[in-house]
Amino acid sequence: MTSTISRTSSEAKLSVLYLGKDKYSENKISTLLGSHISNYLTADNCDNALALFKQYAIDTIVAETFFLRDMPDCTIHKLRHINNNINIILINENYEVISSPFDLPCLAKEQCPLKPTSLDNLFNAISDSRKESDKNDLIHITSSAFFHSSVAMTITSHDNKIIAVNTAFTQITGFKQHEILGKNPRILSSGKHDKQFYGEMWTALSREKKWSGEIWNKRKNGELFLEWITINAITNSTGEITHYCSIFADITERRAAEEAICRLTYNDPLTDLPNRRAFMERLEDSLVISRKNNQLCAILFLDLDNFKDINDTLGHDIGDAVIKETALRLKTCIREDDLIARLGGDEFTVCLTDMCSAEDASTVAQKLLDAMSSPFILDDERLYFSFSIGIALFPEHGESTQELLKHADQAMYHAKFSGRNKFSFFDVSMAQHALNKTEIVKHLRNSMGSDQFSIHYQPIVNLETGMIDKAESLLRWTHPELGYISPDEFIPIAEDIGLICELGDWVFRQSASQVKSWQEKYKENFQLSINISPKQFQNESCDLEEWTDFLSQKALSNKAVSLEITEGVMMNEGPMTEQRLGMLKQAGIEISLDDFGTGYSSLAYLKKLNVDYLKIDRTFIQNIHINLDDQAMCEAIVVMAHKLNIKVIAEGVENEAQLDFLKSVGCDYAQGYWFSKPVPGHDFELLLSKNGAQIH
């Protein structure tokens, strides 16, 4: 038998299913609940009950105990399975109410453990049952939230024994519940925190009943992890701590990501040194301390000499390897408290703090230069590098970070223009020099192709015959406003701004045209020596094969010119260097190695690259008549060169004593002010027009 009664009322709250066959009870219950119900359904067998339960949103079951005894035992359990939160009210044979919100008691009336109440109190019983059900639901939800939370949770007793953990805890730590319950949380200790750390934590828990912070702990497998944990002390009504509840999340990966972002923000990714931003911030802090303590500190600005040539010729992979190796070498030269950074490209900076005197900065700068003296061995390439270093002192040369860095940069350029592989302290004249450089850059670009440039020639004398067999072509620039500008000033600038190839090509063509004229007028085998910049030599856009074509067009022997290269080209030997030298030699153009002895020459290169001339640097010549070491060095160079079938040219000869010594050791050629300073072409012709007369 099945029946349904529907009522509509704004106060209706209950949807009731009555299970039984007693019409009196059925009607009585319908009357007692009255307007409190929205649906009142009845069923007298299991199948009908299940069908109605599935069809309607039943929240309350009122059942006759004696009726249920005749139904299958699984009926109530099936209904519970559909809705575990259902309220169940039992009516016994005496029409008394028995409330059973969760576990259904034994249906035998003599074994019902709950005290029956009058049927008239049915609604109160249902209300009480629902409150109890809600309370148990809350307990169930809280328990479910604890065990299924995505963050790890633990509950410990007042004596710090773990009494409950959730699934996230076991997943993070690797400990199963049976392995951790009853243990002290110190089983997770990483050993990275000292007693003071934990002492402060327990003090906070005692006073404030809570503590939050980061802790390094250890998983079961021994792996360390970082957690953010919040611990709350649970107290009873008298304020005594009975338990501790902790919630923590594994933030190891998040911290790693944060540190990675920080490294990208403040560290150079190639060398892992601090970058410009980090250096400037830390430098500001260092200056505050130095200002407060009246301490001296220094800023060193370092720039690798001729580094761009490596990227242009050997590729950026080799260039990156050079930068990384350079960073490693620099780290070995400074104290732990000093600052070092890579500003970008081939620029590095060092801040030396708490110095006793400026001499300390000189000492460190020399250590940095010395650290670069050994060769870089990269992919079977043997490369040599040096630094130009500028030094600015705080507070003598400036008090702000920007001012000090600017002045150190200006001092670095002074060192570079002074010959590289050296350091220079800032002085006020350098600021003016920096302004002059800006002017030179502007005018140099505008002067290209004008008649402001000219070539002067300095004779190279055959020491055996005393005849002028050769001359060196030297570029000169006279600006209508700035006047004469030294090559030492504008040539490095032309290299930096990419004009050196255009200038070099002009010098070659002018010189080749000039030597043609002098060969026809004065000496058939006369030769001009032309300087070629390392950046010009190693720049792919400078097509040296066009020079051999130009010589052919002029009907000149390729021996009419000799190209002077520096040791920088030789030392940074690569495929392009070897290929270009080979091409020039095959074409018959002679090669002269300039400034020999001032770099890090390898004698093996001299044989391998087959140069024709060595030019002994003027630093070995100036005291050769009085300095025994210089005499021994020059004589050794001459003997070694002749053994390799290389002729020797001595630069910077200024007196007869120097000349006499060079002749005595068999030097082949010499040039210098003793013979003539560099002069314009028409003045040089006067020297040649003496019809081959000997010079000294």
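Relative ring orientation between Trp477 and His479 is described as perpendicular, the plane-to-plane angle rising above 60° on a 0-90° scale split at 30° and 60°.
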Working for salt bridge (charged side-chain N to carboxylate O under 4.0 Å, His left out), residues Glu284 and Arg277: CA-CA 11 Å; Glu284 186 66 48; Arg277 177 176 179 177; over 6 Å; no
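Salt-bridge check for Lys677 with Glu654: failed, with every basic side-chain N at 4.0 Å or more from each acidic carboxylate O. A salt bridge is absent between Lys324 and Asp320; no separation between the charged side-chain nitrogens and carboxylate oxygens falls under 4.0 Å. Salt bridge Arg342/Glu347: absent, no basic N to carboxylate O contact under 4.0 Å. Note on Arg420 versus Glu495: salt bridge recorded, some NZ/NE/NH1/NH2 to OD/OE distance being below 4.0 Å. A salt bridge links Asp338 with Arg335; the closest basic N to acidic carboxylate O contact falls under 4.0 Å.
Side-chain contact check for Asp272 versus Asp268: every heavy-atom pair is 4.5 Å or farther apart. Side-chain atoms of Phe423 and Leu369, non-hydrogen and from C-beta on, do get closer than 4.5 Å to each other. Residues Ile532 and Phe508 form no side-chain contact, since every pair of their non-hydrogen atoms from C-beta on lies 4.5 Å or further apart.
The number of heavy-atom neighbours closer than 6.0 Å to OH of Tyr673, taken from other residues, nucleotides and ligands shown, is 12 or below.
In this structure, Arg476 fails the cation-pi test against Phe453, since its NZ or CZ atom is not both closer than 6.0 Å to the six-membered ring centre and inside 45 degrees of the ring normal.
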